[in-house]
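Take a look at the structure set out below.
As the structure lists them, so they are numbered: ligands from 1, and atoms in each ligand from 1.
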Amino acid sequence: MKNKVLILGGGIAGLSTGVYLQKQGIPSAIYEKNPVLGGECVSWRREGYVIDNCIHWLTGSKKGDTLNAVWRDVGAIDDSTAFINEPYFYRLRFKDVTLSFWCDREKARKEFLACAPEDSQEINAFFDAVKRAECVQVPTEKSLAKMGFIEYMKTGMSMRAMLPVLKAYSHISIAQLAAKFKNPHMQQMIRGYFNDDYQALILITSCAFYTSGTAALPIGGSQGVIERMKAKYLSLGGEVHLARPAASINLEKNRAVSVRLSSGEVVACPAVVAACDPEVTFGTLLSSKFREHQLAKMRSHQKEDYLVASCVGITYGIEGSEDYGFEPGSVSFPCEPFQVGTKPFDLLDVRLYDADPTLYPQDKRVVRVIILQGSADYAYWEQLYSHQEAYQKEKQRIAEAVLSRIETQYPLARGHLKCIDAYTPVTFNRYCGAYQGSYMAFFQRYRGKTRNPKNTVRHLPNVFLASQWLSSTGGGLPMAVTSGKFAADEVAHYLKKSH
Ligand SMILES: Cc1cc2nc3c(=O)[nH]c(=O)nc-3n(C[C@H](O)[C@H](O)[C@H](O)COP(=O)(O)OP(=O)(O)OC[C@H]3O[C@@H](n4cnc5c(N)ncnc54)[C@H](O)[C@@H]3O)c2cc1C
């Protein structure tokens with residue numbers, strides 16, 4: 001082949017596409033807008049501290065899982081990769097009670113029953129559902145959108161233990177699930193991590209990833225994963241061009257013939273994989289008339305059916321190496337209410353980064369707080385961003401408000417934390433082009449319709465999509481990495497057919 005297949009975007013989806021293309025003997029080149037690879041899966045340094053933007057957990061960390069094989073294929077992990085297993089998914093600390101979604105399911109069940117015996121029926125139903133959900137495997141051979149009826153049924157049957165769980169938890173929201181419990185601590189625990197409007201199912205499956213032991217943290221964090229994937233791609237002959245944003249996909253007779261870069265350079269190609277956010281693909285690179293049908297539907301039904309997932313993130317460096325009472329992983333606690341974006345918050349989720357010695361030496365530990373933001377918040381931040389002084393001031397106000405609440409909860413830490421970075425939904429949009437700053441694509445509301453967008457583009461047979469957005473049930477690394485595999489298969493099929 002004279003020209004290379006062009007991959008636009010060097011996040012997880014783009015790198016995965018590249019590795020799978022090279023493995024099939026199809027030469028490719030990645031063009032990435034930023035000076036580094038990774039997209040949302042990235043980390044950076046501030047004042048000598050590492051800020052890891054992404055990986056809290058890598059679904060598929062357990063050997064034998066379908067997704068584990070994909071992570072190995074793309075070089076993200078191998079037999080020598082060490083993992084950190086956190087003790088719980090998250091923990092909620094009240095004045096007199098602490099509850100944890102322990103990785104040991106029965107330990108968690110026991111703890112919850114001791115705290116809220118009046119809710120024993122709901123607690124047992126919840127943990128029975130988690131146990132059933134431990135069989136869930138991410139489809140890695142074919143995307144749901146491309147499966148025929150029989151394949152779809154077969155996939156369903158392989159996870160038939162999930163059927164009662166789907167029936168009980170996919171049509172209610174997190175808030176409705178919480179309302180089933182009488183105990184106020186239990187109610188807050190259920191609402192402690194995800195948005196009230198998400199399907200309750202997401203809490204069950206997330207807990208199950210932890211209890212089944214497939215949600216560990218790979219050593220080196222997000223950057224480690226990206227470095228290893230990059231090394232794999234280059235070793236297979238792939239080409240990486242950094243700080244080279246694509247400006248448009250040039251079409252002739254309903255075929256992509258080349259890509260024009262922002263620099264003005266035009267690169268010819270036999271096929272293109274748009275591995276950037278679909279907002280960029282159908283907002284900048286191609287006319288919106290080509291927008292994939294299901295993606296278009298998700299956009300037009302967003303208000304009723306889907307939620308974007310973004311955040312305000314505030315990161316603090318811990319000065320000194322003393323024990324200031326922080327606990328491992330994600331810990332939430334009730335706090336004095338404060339406003340962020342369009343809503344008040346009275347629960348703070350604090351995450352300590354200290355378990356990976358390659359990133360966080362004892363005197364360079366980090367604490368991060370994530371405050372979830374949605375569509376209305378994005379509009380708020382976007383507007384504020386156009387007034388830089390006010391935008392910076394607001395970030396500073398939030399950083400100070402959060403700090404005082406952390407210090408109230410962890411008095412030993414008083415005077416030992418300094419804010420090293422603060423970012424908002426606008427940051428994710430500016431950095432990656434993320435639609436409304438959503439770094440986890442769309443989450444389905446509990447009433448929303450499940451949609452499986454295709455990775456092909458109407459009327460353009462040699463343009464393909466790879467992205468976490470090719471799902472309506474929340475994006476994330478599993479969606480991104482498998483979308484690359486599926487896109488590479490489509491390209492191979494197309495090239496074979498067209499020759
Ligand atoms: C705070 C946070 C925590 C997270 N935690 C987890 C977690 O614990 N587990 C999990 O599974 N997921 C997590 N995620 C989500 C995960 O990071 C994303 O799902 C995943 O990285 C998305 O990959 P992607 O390749 O689909 O998209 P992106 O990462 O958005 O990659 C798209 C790439 O395209 C590039 N691009 C954009 N425009 C152009 C252009 N014109 N030309 C060329 N390139 C372009 C972008 O710069 C970017 O590099 C988290 C994300 C965040 C932000």
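Distance from atom 23 (O) of ligand 1 to its nearest protein heavy atom, with residue and atom name: Ala480 CB, 3.5 Å. For atom 47 (O) of ligand 1, the nearest protein heavy atom (residue, atom name, distance) is Glu32 OE2, 2.7 Å. Annotation: atom 20 (C) of ligand 1 to nearest protein heavy atom, Leu477 CD2, 3.9 Å. The protein heavy-atom contact nearest to atom 40 (C) of ligand 1 is Ala246 N, 3.7 Å. Ranking protein heavy atoms by distance to atom 32 (C) of ligand 1, first place goes to Ala275 O, 3.5 Å. Closest to atom 8 (O) of ligand 1 among all protein heavy atoms lies His56 N, 2.7 Å. Atom 9 (N) of ligand 1 has its closest protein heavy atom at Trp57 O, 3.1 Å. Nearest protein neighbour of atom 31 (O) of ligand 1, counting heavy atoms only, is Gly11 CA, 3.7 Å.
Closest heavy-atom contact between Val240 and Leu242: CG1-CD2, 3.7 Å.
The aromatic ring centroids of Phe209 and Trp57 lie 6.0 Å or more from each other.
Across Gly39, Ser438, Cys54, heavy-atom proximity to atom 6 (C) of ligand 1 is greatest for Cys54. Looking at Tyr31, Tyr439, Trp469 and measuring to atom 51 (C) of ligand 1, the nearest heavy atom belongs to Tyr439. Here atom 19 (O) of ligand 1 lies nearest to Gln468 when heavy atoms of Lys33, Gln468, Glu279, Met479 are compared.
Less than 4.0 angstrom separates some heavy atom of Gly9 from each of these atoms of ligand 1: 33 (C), 34 (O), 35 (C), 43 (C), 44 (N). Distances below 4.0 Å separate heavy atoms of Gly476 from the following atoms of ligand 1: 11 (O), 12 (N), 19 (O). Heavy-atom proximity to Tyr431, at under 4.0 Å, picks out these atoms of ligand 1: 47 (O). Close contacts of ligand 1 with Ile55, meaning ligand atoms under 4.0 Å from a residue heavy atom, involve 8 (O). For ligand 1, the atoms sitting less than 4.0 Å from at least one non-hydrogen atom of Ser467 are 26 (O), numbered in the order shown with element in parentheses. Under a 4.0 Å criterion applied to the non-hydrogen atoms of Asn53, ligand 1 contributes the atoms 1 (C), 2 (C), 3 (C), 52 (C), 53 (C). Applying the 4.0 Å criterion to heavy atoms of Pro478 picks out, from ligand 1, the atoms 11 (O). Contact atoms of ligand 1 toward Phe428: 53 (C) (distance under 4.0 Å to a heavy atom of the residue).
Taking the centre and axis of the six-membered ring of Phe428, the NZ or CZ atom of Arg430 falls outside the cone set by 45° and 6.0 Å. Judged by the 6.0 Å and 45° rule, Arg397 forms no cation-pi pair with Phe338.
Of the options Val257, Val272, Leu460, Leu6, a side chain to side chain contact (heavy atoms under 4.5 Å, CB included) to Ile249 is made by Val272 and by none of the others.
For ligand 1, one of its N or O atoms has an N or O atom of Ala13 under 3.5 Å away. For Arg244, no nitrogen or oxygen atom sits less than 3.5 Å from a nitrogen or oxygen atom of ligand 1, counting backbone and side chain alike. Polar contact with ligand 1: present for Glu40 (N/O pair, distance under 3.5 Å). Considering both main-chain and side-chain atoms, Ile12 comes within under 3.5 Å of ligand 1 through a nitrogen or oxygen pair. Considering backbone and side-chain atoms together, Asn34 places an N or O closer than 3.5 Å to an N or O of ligand 1.
Taking a cutoff of 4.0 Å between a charged side-chain nitrogen and a carboxylate oxygen, Arg299 and Glu279 qualify as a salt bridge.
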### Worked verdict on Phe442 versus Trp469 for ring pair (Phe, Tyr, Trp, His ring centres under 6.0 Å)
CA-CA 7 Å; Phe442 274 135; Trp469 285 86; 5.1 Å; yes

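For Lys449, there are no salt bridge (Lys or Arg N to Asp or Glu O under 4.0 Å) partners two or more places apart in sequence or in a different chain. Tyr90 meets the ring-ring contact (aromatic ring centres under 6.0 Å, His included) test with Phe101, Tyr193; sequence neighbours excluded.
Using modelled atom types and a 3.5 Å distance limit, the side chains of Ser28 and Tyr233 yield a donor-acceptor pair. Inspection of the Glu134 and Thr211 side chains reveals an N or O donor paired with an N or O acceptor under 3.5 Å. Side-chain contact check for Thr473 and Ser471: at least one donor-acceptor pair (N or O, by modelled atom type) lies under 3.5 Å. Using a 3.5 Å distance cut-off with no hydrogens or angles, the side chains of Asn455 and Glu292 do not pair a donor with an acceptor.
Atom CZ of Arg191 is surrounded by 12 or fewer heavy atoms from other residues, nucleotides or ligands within 6.0 Å.
When side chains are defined from C-beta on, Thr456 counts as touching Glu490, because their heavy atoms get closer than 4.5 Å.
Put simply, no part of Gly433 is less than 4.0 Å from ligand 1, judged by heavy atoms. Heavy-atom separations between Ala434 and ligand 1 are all 4.0 Å or longer.
Within the 4.0 angstrom cut-off, atom 27 (O) of ligand 1 has no protein heavy-atom neighbours.
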